[in-house]
Amino acid sequence: MDIEFVRSRFIKHFDGTTGSIYASPGRINLIGEHTDYNNGFVFPGAVNKGIMAEIKPNGTDKVCAYSIDEKDYVEFGLNEEDAPHASWAKYIFGVCREMIKRGVDVKGFNTAFAGDVPLGAGMSSSAALESTYAYALNDLFGDNKVDKFELAKVGQATEHNYVGVNCGIMDQFASVFGKAGSLIRLDCRSLEYQYFPFKPQGYKLVLLNTCVKHELVGSPYNERRLSCERVAEVIKAKYPEVESLRDASFEQLEEVKAELKPEDYNRAKYVIGEVVRVLDVCDALEAGDYETVGKKMYETHFGLSKDYEVSCEELDYLVDVAIDCGVTGSRMMGGGFGGCTINLVKEELYEVFIEEAKKRYQEKYGKQPKVYDVVIGDGSRKIC
Ligand code: GLA
């Protein structure tokens with residue numbers, strides 16, 4: 001992301017002066033999908049693509065915001081009733097409100113922002129936007145008194161209260177806490193986390209974007225979460241120690257099967273398996289056993305596609321191509337309903353796989369998937 005580009009637009013659209021520049025990344029997730037809101041484990045990392053914003057307090061009680069990519073300008077006040085209509089501006093407004101709720105004396109500011117994390121690719125462009133502003137407002141108006149855990153929760157609460165997606169904490173956590181070269185194993189219940197240096201010898205991580213726009217607002221994402229919560233309730237009635245599906249076992253699930261809607265049963269079966277898979281993948285990584293990592297990635301994909309039902313035809317197709325090419329691991333990534341597959345590929349297979357995926361996807365869907373080599377980057381920061 002280019003600092004001069006953002007700065008030149010900020011200067012052009014406001015009074016010619018400059019402010020401070022902040023940035024936050026999008027994320028990938030190696031494994032642990034739809035486990036975060038079930039209090040389970042996830043294994044994301046920040047990427048070297050994200051959102052960059054220039055911000056300057058303007059001495060008023062109004063936010064004047066310019067989206068460089070959308071070429072759209074919006075003004076809004078800072079009270080609850082001032083919510084803007086533009087969907088991109090709701091994220092900034094939500095972050096302002098959530099910071100105010102946490103005691104930060106947010107005042108009016110001018111801002112312009114741009115991003116290079118592809119929108120709707122399942123790489124958490126929205127979390128990158130939220131983290132950028134949470135971090136910036138904390139710095140500009142809050143003496144940095146809100147800690148990083150709470151900054152991640154500000155982004156999540158923005159999704160819940162101002163966007164309408166009842167997401168877990170993974171995306172915002174990865175965006176705020178990202179560290180170059182490392183994945184993060186996060187326990188979404190305790191928020192304990194550990195950095196795992198990720199430098200697989202002889203393998204590459206690559207994303208293939210189906211270019212089917214993934215959009216969680218208005219999608220069945222919230223329904224999936226409700227399914228999980230229903231099953232956890234039923235199990236809890238028999239096993240009070242089960243607070244969420246993270247605590248449940250396959251045996252407990254089988255015991256209550258007759259009381260569940262078949263689809264709720266399938267959703268829970270996937271989640272219980274996925275919680276275990278994340279831990280298995282951590283062990284495999286520590287042992288340098290990438291074959292097992294890859295095998296688990298495929299298992300996750302089949303679970304997400306058949307039991308959790310959040311994949312789509314194009315994602316399934318790209319995973320099939322990966323299987324045909326002998327790729328070590330491949331799966332859909334993120335919330336689903338579009339976006340990218342994440343692929344663990346032996347270096348010597350990389351070129352052949354990419355060419356084959358492009359060719360076959362073009363033949364079938366009349367367009368090529370976009371290819372992003374994964375570079376694991378740093379989390380939220382002030383640039384200057
Ligand atoms: C989206 C949500 C996350 C998480 C993933 C699925 O990215 O924002 O909280 O639930 O989907 O793992």
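Just follow the structure's listing: the first ligand is 1, and inside any ligand the first atom is 1. Nothing here was measured: the structure is a model prediction, and the numbers come from that model. Computed from heavy atoms alone, side chains included, the values below leave out hydrogens, waters and symmetry copies. In this chain, residues are counted from 1 in sequence order.
At a 3.5 angstrom cut-off on N or O pairs, H34 counts as close to ligand 1. Taking only nitrogen or oxygen atoms, main chain and side chain alike, S124 does not reach within less than 3.5 Å of ligand 1. Taking any N or O of G335, backbone or side chain, at least one lies under 3.5 Å from an N or O belonging to ligand 1. Of the polar atoms of G168, at least one N or O is found under 3.5 Å from an N or O of ligand 1, judged by distance alone. Of the polar atoms of N29, none of the N or O atoms is found under 3.5 Å from an N or O of ligand 1, judged by distance alone.
Scanning for salt bridge (Lys or Arg N to Asp or Glu O under 4.0 Å) contacts around E255 gives an empty result, with sequence neighbours left out.
Side-chain contact check for E254 and Y265: at least one donor-acceptor pair (N or O, by modelled atom type) lies under 3.5 Å. Using a 3.5 Å distance cut-off with no hydrogens or angles, the side chains of D72 and S67 do not pair a donor with an acceptor.
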Worksheet item: After noting the C-alpha distance and the side-chain angles of R331 and T341, does the key distance pass the side-chain contact (heavy atoms from CB on, under 4.5 Å) rule?
Response: CA-CA 5 Å; R331 66 176 194 81; T341 60; over 6 Å; no

Worksheet entry | Verdict with supporting geometry, Y73 and C64, side-chain contact (heavy atoms from CB on, under 4.5 Å) | CA-CA 7 Å; Y73 175 79; C64 305; 3.2 Å; yes

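Scanning all protein heavy atoms for the shortest distance to atom 5 (C) of ligand 1 gives M170 CE, 3.8 Å. At the shortest separation from atom 9 (O) of ligand 1 among protein heavy atoms lies D36 OD2, 2.5 Å. In terms of protein heavy-atom proximity, atom 10 (O) of ligand 1 is closest to Y221 OH, 2.6 Å. For atom 8 (O) of ligand 1, the closest non-hydrogen atom on the protein side is D171 OD2, 2.6 Å.
Counting only residues at least two apart or on different chains, the salt bridge (Lys or Arg N to Asp or Glu O under 4.0 Å) pairs with a member in residues 174-191 are D187-R246, R189-D247.
If you number the atoms of ligand 1 from 1 as listed, the ones under 4.0 Å from a heavy atom of C167 come out as 2 (C), 8 (O), 9 (O). Residue-ligand proximity, Y37 to ligand 1, at heavy-atom distances under 4.0 Å covers atoms 10 (O).
Partner of F113 under the ring-ring contact (aromatic ring centres under 6.0 Å, His included) criterion, out of Y22, F5, Y66, W88: W88 alone.
Between D264 and R230 there is a salt bridge, since a side-chain N of the basic residue sits under 4.0 Å from a carboxylate O of the acidic one. With respect to the salt-bridge test (charged N to carboxylate O, under 4.0 angstrom), the residues R277 and E274 qualify.
Proximity of R224 to ligand 1, defined as any heavy-atom pair under 4.0 Å, is not found for any part of the residue.
Put simply, part of R27 is less than 4.0 Å from ligand 1, judged by heavy atoms.
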